[in-house]
Engineer: 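Below: one structure in structure tokens.
First listed ligand is number 1; within each ligand, the first listed atom is number 1.
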Amino acid sequence: MMDRDIYPGLIRLHILHHAAEEAIFGLGMMEELRRHGYELSPGTLYPVLHRMEEKGYLSSRKVHVDGRIRRTYRATRFGRNALKDAKVKVQELFGELFEEKRKRRAGRGDGR
Ligand SMILES: [Zn+2]
């Protein structure tokens, strides 16, 4: 199930991460996100990419592929910096999430 309130930020981080590593395009990113369990239609993903470009996180250009035009996206310097900052926060959050799990497990162990 897609949680519409929680996942958008995670999806944007995925996009930013991949666009920082290489040029991405809509359909390829859709497949990549599906691999991670996010089912996005083009009607959902394309506006996200567009909006991220508008906000300055991504820049796009048109390339010709097999006689068709494809829009590819790369992370801008602003986008890379945002990703760097977000990584610190994600790491903290992950630490806490998994710390919580360990504590619960430990607690259960002590209680018996
Ligand atoms: Zn990914």
Side-chain angles (χ1 to χ4, degrees):
M1 198 189 95
M2 290 288 285
D3 191 310
R4 284 168 209 279
D5 294 316
I6 305 293
Y7 290 161
L10 297 178
I11 288 166
R12 281 166 179 74
L13 282 176
H14 260 295
I15 293 170
L16 208 47
H17 166 68
H18 287 288
E21 292 201 322
E22 60 193 344
I24 60 162
F25 60 100
L27 223 60
M29 201 59 222
M30 250 173 65
E31 281 167 20
E32 166 64 17
L33 287 168
R34 186 173 304 136
R35 201 169 66 79
H36 289 294
Y38 303 102
E39 295 284 345
L40 269 80
S41 67
T44 305
L45 181 62
Y46 284 96
V48 171
L49 292 171
H50 186 75
R51 187 124 180 86
M52 286 178 75
E53 182 174 22
E54 250 176 25
K55 296 236 170 186
Y57 297 110
L58 303 175
S59 66
S60 78
R61 66 192 196 95
K62 290 174 181 166
V63 293
H64 291 266
V65 181
D66 301 327
R68 297 173 63 182
I69 292 172
R70 169 182 286 174
R71 188 173 286 277
T72 66
Y73 295 85
R74 300 281 339 235
T76 60
R77 180 189 294 269
F78 177 67
R80 285 166 202 275
N81 283 335
L83 178 63
K84 215 169 90 185
D85 289 347
K87 270 176 151 172
V88 176
K89 292 190 158 48
V90 166
Q91 201 158 37
E92 257 186 57
L93 172 63
F94 274 29
E96 203 165 56
L97 291 175
F98 293 109
E99 180 60 28
E100 198 62 31
K101 226 185 216 172
R102 266 203 302 278
K103 268 191 221 153
R104 270 206 305 273
R105 227 181 270 136
R108 201 160 49 222
D110 292 340
R112 281 179 189 173

Engineer: Which residues pass the side chain to side chain donor-acceptor pair (under 3.5 Å) test with R35, not counting sequence neighbours?
Structural biologist: E32
Engineer: Once rounded to 10 degrees, what value does the angle at the Zn ion (ligand 1) take between ND1 (H14) and OE2 (E32)?
Structural biologist: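 The two atoms form an angle at the metal of about 150°.
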Engineer: Test of geometry: compute the angle NE2(H18)-the Zn ion (ligand 1)-NE2(H36) and round it to 10°.
Structural biologist: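 That angle works out to 150° after rounding to 10°.
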Engineer: Going by the ring pair (Phe, Tyr, Trp, His ring centres under 6.0 Å) test, which pairs reach into residues 53-85, not counting sequence neighbours?
Structural biologist: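 Listed once each, the pairs are Y57-F78.
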Engineer: Using the six-membered ring wherever Trp is involved, compare the ring planes of H18 and H14 and label them parallel, tilted or perpendicular (cut-offs 30° and 60°).
Structural biologist: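 H18 and H14: parallel rings.
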Engineer: Charged N to carboxylate O under 4.0 angstrom, E54 versus R51?
Structural biologist: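 Looking at R51 together with E54, the answer is yes, because their closest N to O distance falls below 4.0 Å.
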Engineer: How about H17: does one of its N, O or S atoms come closer than 2.8 Å to the Zn ion (ligand 1)?
Structural biologist: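 For H17, the answer is no, given that no N, O or S atom comes within less than 2.8 Å of the Zn ion (ligand 1).
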